[in-house]
Structures are given as C-alpha cells and as structure tokens.
There are 2 protein chains.
Amino acid sequence: MADTQENQIDNKAFTEECHKVLMAMSDALYAIGGKWKLMIIIAMGRGNKRFTEIQRQVAGISARVLSSELKELEMNGFIIKKVENGYPVTIEYELLPYSYTLEEVVAAMTKWGMQHREKVKAEMSAEK
Amino acid sequence: MADTQENQIDNKAFTEECHKVLMAMSDALYAIGGKWKLMIIIAMGRGNKRFTEIQRQVAGISARVLSSELKELEMNGFIIKKVENGYPVTIEYELLPYSYTLEEVVAAMTKWGMQHREKVKAEMSAEK
DNA sequence: CTGTATCCTGGATGATACTG
DNA sequence: CAGTATCATCCAGGATACAG
C-alpha cells in the first residue's frame with residue numbers, strides 16, 4: 001500500500017520530468033533542428049565568413065536555402081551580418097557568442113556521427 | 001613566404017577537418033534528425049514501452065507517424081519490438097543498447113533546450 | 001490496443017534564371 | 001560576389017476511417 005502510493009508518486013514525478021525533458025528537446029529541435037543550421041554554424045566556426053565560402057563548405061546547400069537559413073540564424077541571435085563599404089562592398093557573417101553555447105551539442109553530435117559511421121561501415125562489410 | 005606556405009598547409013588541414021566534422025554531423029542528422037526520433041527515444045528511456053503510452057507522452061505525434069518512426073528505429077538498431085502471445089497479445093518496444101550511445105547527444109540537447117527556453121522567455125519579458 | 005490505408009495539404013527544397 | 005525571383009516538385013506529416 002505504502003509501496004503503491006510511493007510508486008504512484010514516483011511515476012508522477014517521473015512523468016513530469018519526462019515532460020520537461022521532452023519539452024526541452026522540442027525547443028531545441030525547433031531552434032536548431034532541420035537539415036542545415038548546425039552545419040552552417042560548424043562551417044562558420046571553422047572560419048568561413050563569406051556567403052560563397054559557406055556555400056562551398058556546406059555541401060549541397062543552394063543559394064536560396066542558405067540565404068534564408070542565414071536570415072533565420074541572424075534573427076535568432078546566432079550570427080551577425082557585417083557589411084563593409086568599399087569597392088566592392090564586402091559582406092561577412094560572424095558567429096555571435098550565442099552560437100558558442102551550442103559547442104557541447106555540436107561536439108556530442110559529431111562524435112556520435114563518427115561512431116555511427118564506423119558502425120554502419122562495419123555492418124556493411126559484415127553482411128557479405 | 002614560409003608563412004604563406006604554412007598558412008596554406010594549415011588551411012588545407014583545417015578545411016579537411018571541417019569536412020570531417022560536417023560529414024559526421026550530416027551522418028548524425030540523417031540517422032537521428034527529424035522531428036520525432038530523439039523524442040521517442042527519450043520517452044522510451046523513461047519507461048514507456050507500449051504504443052499508446054509513447055504516443056501519449058510524445059505530444060502531437062499521430063499513430064501513422066509513430067508507427068513509421070518505430071519501424072525506422074527498429075531497422076536502424078535503436079529499438080526492438082517484442083510480441084508476447086496471450087489474451088490479448090501484448091506488444092512492447094524496448095530500447096536496445098545502441099540507443100544508449102545517444103545519451104550524450106540527448107543530454108547536451110536537452111540542456112541547451114532548457115537554457116534556450118530561459119533566454120527566449122527573458123527576451124519576451126524584456127521587450128514589453 | 002495497435003496499428004494500417006487513404007487522402008490531402010503546406011512547407012521545404014531544387015532548378016534555373018536573373019540583378020546590382 | 002551575394003544574393004532574389006519564380007516555378008515546379010516532393011514528401012513529411014495531419015485527418016480520418018478502418019481492421020485485426
């Protein structure tokens with residue numbers, strides 16, 4: 001009985017904690033989910049600042065999509081667009097400090113991605 | 001001159017490293033990207049094993065989508081479907097060990113998601 | 001309860017051409 | 001170089017109904 005009550009309490013707390021975690025994950029996916037945002041941030045973190053540089057580095061992204069992703073990233077405080085007047089005008093994108101709060105996420109995902117690639121490769125050669 | 005050469009070497013190595021990281025991220029996004037997979041794994045990690053339990057916990061997912069996501073997760077070795085014969089038949093899904101390799105990723109993302117939520121909330125109240 | 005079958009729509013993306 | 005405009009396409013996912 002006491003056991004049953006405790007279990008109910010535990011389950012309730014557990015469910016609430018689960019909701020919190022799921023909500024956090026949902027928030028994260030909303031902000032940085034999708035096919036490109038993290039990859040753009042990685043490329044920029046490696047020193048790519050110009051539109052064309054980023055596009056070359058992030059294989060497969062089109063100008064239209066890169067343009068709209070950069071706008072979203074700017075709106076959400078991850079990057080800033082800098083326009084230098086001159087001949088010709090020079091445009092550079094830079095990471096803002098908020099991008100660096102993603103370092104752990106990026107590190108964890110890339111590490112996992114590398115392990116996963118190894119696993120898939122091993123399976124490929126295993127099955128004939 | 002030597003400086004220029006060294007820079008070229010550095011840049012080349014740097015670009016290659018960037019490619020590796022981007023490829024790893026791309027692999028990871030391919031396997032666990034999308035709106036639902038990580039959330040399903042979180043819910044299952046909290047003890048939800050039945051189809052309906054998972055659907056209730058992962059707010060907003062439809063039966064059709066959950067069904068197809070579970071199939072993909074099973075194909076990719078993240079979960080296993082267990083069928084217990086009885087009256088009625090009981091079906092449970094369980095995380096396989098490979099799901100636990102995602103722990104760091106999940107932890108990093110949920111932590112970031114919580115911080116992000118706080119930041120957004122702070123901005124909301126700031127701008128009247 | 002645990003799904004599957006259909007139908008359908010919006011938004012994301014690709015392709016291509018064009019501009020300052 | 002750094003994009004924008006336009007059009008066509010595709011598919012994830014929602015809604016609903018149904019089935020074992």
Side-chain angles (χ1 to χ4, degrees), chain A residues 15 22 25-41 43-44 46-76 78-95, chain B residues 11 15 22 25-26 28-44 47-76 78-95:
Chain A
T15 299
L22 283 173
M25 177 60 80
S26 179
D27 290 345
L29 289 173
Y30 185 78
I32 56 169
K35 213 168 160 183
W36 302 116
K37 290 197 179 60
L38 286 177
M39 297 186 65
I40 292 169
I41 288 176
M44 291 182 63
R46 292 321 200 276
N48 300 286
K49 297 170 179 300
R50 309 296 301 276
F51 189 91
T52 311
E53 272 177 358
I54 299 170
Q55 195 184 1
R56 196 179 328 118
Q57 203 67 216
V58 180
I61 196 168
S62 70
R64 190 177 61 76
V65 171
L66 177 55
S67 174
S68 81
E69 296 282 296
L70 287 172
K71 271 176 197 158
E72 276 188 62
L73 288 171
E74 194 181 7
M75 278 189 0
N76 292 327
F78 291 107
I79 67 173
I80 187 171
K81 178 178 183 173
K82 292 198 171 173
V83 180
E84 290 275 335
N85 290 312
Y87 303 99
V89 170
T90 305
I91 297 171
E92 292 191 341
Y93 294 90
E94 277 178 23
L95 294 183
Chain B
N11 284 337
T15 300
L22 283 173
M25 178 59 82
S26 179
L29 289 173
Y30 185 78
I32 56 168
K35 211 168 162 182
W36 303 114
K37 290 197 178 61
L38 286 176
M39 296 185 67
I40 292 169
I41 288 176
I42 289 173
M44 292 182 62
N48 300 286
K49 297 170 178 301
R50 309 297 301 276
F51 190 91
T52 311
E53 273 178 356
I54 299 170
Q55 194 183 4
R56 195 181 328 118
Q57 202 68 216
V58 180
I61 196 168
S62 69
R64 191 178 63 76
V65 171
L66 177 55
S67 174
S68 81
E69 296 282 295
L70 288 172
K71 272 177 196 156
E72 276 188 62
L73 288 171
E74 194 182 7
M75 279 189 2
N76 292 326
F78 290 108
I79 67 174
I80 188 171
K81 177 178 184 172
K82 292 198 170 172
V83 181
E84 291 274 335
N85 291 311
Y87 304 98
V89 170
T90 305
I91 297 171
E92 292 191 341
Y93 295 90
E94 277 178 24
L95 294 183

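Below, chains carry the letters A, B, ... as their sequence lines are ordered, and counting in each starts from 1. What's counted below: heavy atoms across the whole structure, side chains too, no hydrogens, waters or symmetry copies.
Rounded to an integer number of Å, the gap from CD of B/Glu69 to C1' of D/dC11 is 13 Å. Residue A/Leu70 contributes atom CG, which lies 10 Å from atom C1' of D/dG3 at whole-angstrom precision. For the pair A/Lys49 NZ and D/dG3 P, the computed distance is 15 Å after rounding to whole Å. Atom CG in B/Leu29 sits about 16 Å away from atom C1' in D/dA12, given to the nearest Å. Put simply, CD on A/Glu84 is 15 Å from C1' on D/dC1, counting in whole angstrom units. Straight-line distance from the CD1 atom of B/Ile54 to the C1' atom of C/dT2: 11 Å, rounded to whole Å. One atom, NZ of A/Lys37, and another, C1' of C/dT13, lie 13 Å apart when rounded to the nearest Å.
Taking the side chain as every heavy atom from C-beta outward, A/Met39 and B/Leu29 approach each other to under 4.5 Å.
For B/Ser62, taking side-chain heavy atoms from C-beta onward, the closest of the listed nucleotides D/dT4, D/dG14, C/dG14 is D/dG14. Listed nucleotides D/dG14, D/dT4, C/dC1 differ in distance to B/Arg50; the shortest reach to its side chain belongs to C/dC1. Picking from D/dG14, D/dT4, D/dA2 the nucleotide with the shortest atom distance to the side chain of B/Lys35 gives D/dG14.
At D/dG3, none of the side-chain N or O atoms of A/Ser67 fall inside 4.0 Å of OP1 or OP2 (strictly under the cut-off). Between B/Tyr93 and C/dG3 there is a side-chain polar atom (N or O) within less than 4.0 angstrom of OP1 or OP2. One finds a side-chain N or O of A/Lys71 lying less than 4.0 angstrom from the OP1 or OP2 phosphate oxygen of D/dT4. Taking 4.0 angstrom as the limit, A/Thr52 places a side-chain polar atom (N or O) nearer than this to OP1 or OP2 of D/dA2.
Each of A/Arg64 and A/Ile91 was assigned the nucleotide of DNA chain D with the nearest heavy atom; the assignment lying further toward the 5' end belongs to A/Ile91.
A donor-acceptor pair under 3.5 Å is formed between the side chain of A/Glu53 and the backbone N or O of A/Lys49.
Residues B/Ile91 and B/Lys81 approach most closely at CG2-CE, 3.8 Å, considering heavy atoms.
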